[in-house]
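Reminder, nothing fancy here: chain letters follow the sequence lines and each chain counts from 1.
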Number of protein chains: 2
Amino acid sequence: MAPATDHLVTKLVSFMPLNQAELSCLADLQSASIEVERGRELLHQGEQEHVAYVLQAGWGCCFKILQDGGRQIITFPVPGDCVGLRSVILRTSDHAFTALTDAVVSRVEVSRILGMLNEFPRLGAALLWATSRDEAITVEHLASVGRRTAVERTAHFFMELWDRLRLVGLASEQEFDCPLNQYELADALGLSAIHVNRVLRDLRQKKLMTFQARTVSLHDIAGLKRLAGYEVIEPGTSRLLEL
Amino acid sequence: MAPATDHLVTKLVSFMPLNQAELSCLADLQSASIEVERGRELLHQGEQEHVAYVLQAGWGCCFKILQDGGRQIITFPVPGDCVGLRSVILRTSDHAFTALTDAVVSRVEVSRILGMLNEFPRLGAALLWATSRDEAITVEHLASVGRRTAVERTAHFFMELWDRLRLVGLASEQEFDCPLNQYELADALGLSAIHVNRVLRDLRQKKLMTFQARTVSLHDIAGLKRLAGYEVIEPGTSRLLEL
DNA sequence: CGACGCTTTGACACAACTCAACAACCGTGG
DNA sequence: CCACGGTTGTTGAGTTGTGTCAAAGCGTCG
């Protein structure tokens, strides 16, 4: 059975209203949910994968392992996020996906997605919007790692995370739960864990934000956004893809 | 009229064979080609865009400008590449797109893409494959900038570029034409132009490759791949999306 | 010819990394 | 109950990869 609140629906609805049939299609798609324990690897880098996942509860972690053992984290999926659609198309997964906390996911077979696209084209458009948004976030992430300083980058990361969590109702206006440790943060930001620690101290001392005891508290959002050079990737309701 | 060789077709065909109707649909889509001079900006960061482009000849440049004026280049589109599909969906473009050399592009209206997807679903699948591949490349790029050293990163960049160019028949087995200068390289790799210069000297001295007079010569491909930790994003003919 | 765009080099500065150590916190088991 | 190891966070000292600044070389083109 589906969780109390369906975060995927919450997210898609912010893009376009969905009718009853579409909602039940989404519910159906996610009906077979699986509980996975923290650390479980659901998608394996370099292997052929024929399934995608919708994360329903808990956090995930998409990353690549490099030659020297280094790790680059691409994104931390949160409830409502889809993972692995791309690897389905490319036939082999270019990255791995693990559960960062105990989590609930639903496996989605390719065939069902294709079927859904046929039967409910508007859902296809909504899904396309969601994945495009994820892409835009990856591109922004690239810009961060390539051209922002460690502090700017870190501030930017938290602003983006905050926006993503609010979109599915998992963050309040000044704080949110965040199960990441400094190693994970480091591998996402392209920094060393030790430097992340110093950066967090910096942000704390500048009274911008704190990250302690698994919770992020935003003390000066305007200041953070200014520091990060943050611009919203606006939800922007669909005017264009009238389907 | 279409150019002598249609690079988009070359690329898509490497993924799945196309029939006559599909080929002429693609030809039709690109029929209205426009010549643009070097430096012309076709997509503007932050603006609402309702068109996408197919690059037919010449090189392009997709990038973000940051707060402090810094620039992060996302990718250098080469002939056969599609640009701006995402901005069409998100309604506003998250990055800019310019012609890096004199180029030939064709504007593609959103409506025509949607029409194409309806009429020729296999073309949709092929296009989805191409964009997924681009995404995978962006992710790999992120990993490079986040976790590889300057030399590794540079070697990796050229290996990938080489693969992309070969896919559309624009690179031989040991060299290819490359109109980039060291500033552009720097902004793509997240380095300073001066350091790029040092890195290129390094690669030259190690007898791995040279980049001079607009041409890249690969002297030791195995060595480059080893240094870069390069893995192919294999074309992989479609077995999965039987449409 | 001079101007311009691009490359190349050297000297120096600094952001971020590494190593090493310690502190705080946890759950577990004696 | 305390002792314990394991995980995570914190700090300092020294190193290094890369950035910055400044200047010169070198084609090309008007």
How long is the line joining [atom1] of [X] and [atom2] of [N], in whole Å?
X	N	atom1	atom2	result
B/Asp202	C/dT7	CG	C1'	16 Å
B/Arg214	C/dT7	CZ	P	12 Å
B/Gln205	C/dT8	CD	C1'	12 Å
B/Tyr183	C/dC6	OH	C1'	7 Å
B/Leu200	C/dT8	CG	C1'	11 Å
B/Glu184	C/dT7	CD	C1'	14 Å

**Report entry** Side-chain donor or acceptor of B/Arg147 paired with backbone N/O of A/Arg71 under 3.5 Å
**Finding:** yes
Query - A/Asn197 side-chain N/O to D/dG9 phosphate OP1/OP2 under 4.0 Å - result: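 No, because none of the side-chain N or O atoms of A/Asn197 sits under 4.0 Å from OP1 or OP2 of D/dG9.
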Query raised in the report: Looking only at side-chain N and O atoms, does A/Gln182 come under 4.0 Å of OP1 or OP2 in D/dT7?
Result: no
Requested in this report: Indicate for each nucleotide in nucleotides 17-30 of chain D, in 5' to 3' sequence, whether protein heavy atoms under 4.0 Å reach the base (B), only the sugar-phosphate (S), or nothing (-).
Outcome: -BBBBB--------
Report task. Kindly indicate whether a cation-pi arrangement holds for B/Arg166 with B/Trp162, taking the cut-offs as under 6.0 Å to the six-membered ring centre and within 45° of the axis. Result ->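 B/Arg166 over B/Trp162 ring: yes.
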Polar side chain donor-acceptor pair, [X] to [Y], under 3.5 angstrom:
X	Y	result
B/Asp163	B/Tyr230	yes
A/Arg153	A/His156	no
A/Gln45	A/Asp94	no

Query raised in the report: Parallel, tilted or perpendicular for A/Phe157 and A/Phe76, by the 30°/60° rule?
Result: perpendicular
